K.L.:
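Take a look at this one; I'll ask things after.
Worth saying up front: this structure is predicted, and the values here are computed from it rather than measured.
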Amino acid sequence: MRYDLVIFDNDGVLVDSEPLSNRLLAGHLTELGHPTTYEDSLRDYMGAALHRVHDVILERTGQRLPEDFDTAFHARVFAAFQEELEPVDGAVDVLKRLTAAGVPYCVASSGSHERIRVGHRKTGLDAWFPEEIVYSAEDVGRGKPAPDLFLHAAARRGVAPERCVVVEDSRLGVQAAVAAGMDVYGFTAMTPEDRLAGAKGFFSRMEELPAILGL
């Protein structure tokens with residue numbers, strides 16, 4: 001099936017940010033008195049907007065995170081991005097193939113617009129993603145696993161949900177795509193298949209994606 005729109009998740013799919021951000025998130029939460037391992041962070045927060053971190057901590061402990069939590073965490077993440085962030089291997093080649101085939105694409109990320117832009121500028125992906133095809137959970141209020149962000153991206157691009165395909169690497173992202181009525185393929189470079197239940201198929205290297213998309 002040829003799709004009318006390819007919607008990419010950002011962190012872990014386009015930019016190799018998940019190891020960095022989850023390591024930092026685990027450390028930050030632990031410093032604040034909420035012991036969290038790297039594996040805990042991947043399990044509970046990978047693919048989610050930061051409001052989920054606030055919600056989970058409040059639900060589990062009855063305590064609210066500091067008011068400056070988001071600002072302080074983003075400062076750490078952005079500093080790490082400047083030092084270490086790289087594009088996911090093969091991502092640019094996929095974008096080249098989509099462009100050559102005339103298949104529209106966009107990005108729909110749980111991260112803030114600032115986070116997306118910082119990462120894209122560092123990795124050179126800003127050349128492939130002008131502002132009008134960049135969508136953030138900030139745009140809709142409810143992040144993944146709610147379908148709102150993917151439905152918003154499809155509506156803004158003028159494509160029916162059933163004609164969209166989502167490329168995701170997180171459990172919450174797959175759940176959001178399924179809830180939006182879209183096909184979704186799970187990228188298993190960091191996440192095993194059994195954590196991406198509901199995906200139409202799986203791939204572990206970006207080189208495999210063009211064939212999956214019928215390019």
K.L.:
Should the ring pair Phe81 and Phe78 be called parallel, tilted or perpendicular, given that the plane angle runs from 0 to 90° and is split at 30 and 60?
P.N.:
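It falls in the tilted class, 30° to 60°.
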
K.L.:
State, yes or no, whether a side-chain contact exists between Val53 and Phe73 at a heavy-atom distance under 4.5 Å.
P.N.:
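When only atoms from C-beta onward are counted, Phe73 and Val53 do not touch, as no gap falls below 4.5 Å.
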
K.L.:
Is it the case that the ring center of Tyr185 lies less than 6.0 angstrom away from the ring center of Phe202?
P.N.:
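Ring-ring flag for Phe202/Tyr185: false, centres at least 6.0 Å apart.
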
K.L.:
Does either side chain, that of Glu114 or that of Ser112, offer a donor lying less than 3.5 Å from an acceptor on the other one?
P.N.:
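There is no such pair (donor and acceptor under 3.5 Å, judged by atom type) between the side chains of Glu114 and Ser112.
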
K.L.:
Assess the residue pair Val56 and Arg52 against the criterion (side chain to side chain contact (heavy atoms under 4.5 Å, CB included)); give the C-alpha distance rounded to whole Å, side-chain angles, the decisive distance to 0.1 Å, and a yes or no.
P.N.:
CA-CA 6 Å; Val56 169; Arg52 177 176 171 85; 4.0 Å; yes

K.L.:
If we only count heavy atoms from C-beta on, is the Val165 to Val184 side-chain gap below 4.5 Å?
P.N.:
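The answer is no, as the side chains (C-beta and beyond) never meet within the 4.5 Å cut-off.
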
K.L.:
Does any non-hydrogen side-chain atom of Arg2 lie less than 4.5 Å from one of Leu213?
P.N.:
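With C-beta onward as the side chain, the pair stays apart.
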
K.L.:
Under a plain distance cut-off of 3.5 Å, with no hydrogens placed, do Asp169 and Thr191 share a side-chain donor-acceptor pair?
P.N.:
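Note: Thr191 and Asp169 side chains miss the donor-acceptor criterion.
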
K.L.:
Whether the Tyr3 and Asp183 side chains hold a donor-acceptor pair (N or O, under 3.5 Å, no angle test) is what I'd like checked.
P.N.:
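Yes, Asp183 and Tyr3 have a side-chain donor paired with an acceptor closer than 3.5 Å.
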
K.L.:
Is there a path of hydrophobic side-chain contacts, each under 4.5 Å between heavy atoms of I/L/V/M/F/W/Y residues, joining Tyr135 to Ile7?
P.N.:
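In one cluster: no.
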
K.L.:
Determine whether Ser21 and Arg76 make a side-chain contact, defined as any pair of heavy atoms from C-beta on separated by less than 4.5 Å.
P.N.:
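Of all side-chain heavy-atom pairs linking Arg76 with Ser21, none is under 4.5 Å.
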
K.L.:
In Å, rounded to the nearest 0.5 Å, how long is the span from CG of Leu65 to CG of Leu58?
P.N.:
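With rounding to 0.5 Å, CG (Leu65) is 8.5 Å from CG (Leu58).
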
K.L.:
Is a side-chain donor-acceptor pair under 3.5 Å present for Asp139 with His113?
P.N.:
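Note: His113 and Asp139 side chains meet the donor-acceptor criterion.
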
K.L.:
Using the ring centroid of each side chain, check whether Tyr105 and Phe129 are separated by less than 6.0 Å.
P.N.:
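Between Phe129 and Tyr105, which both carry aromatic rings, the centre distance is below 6.0 Å.
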
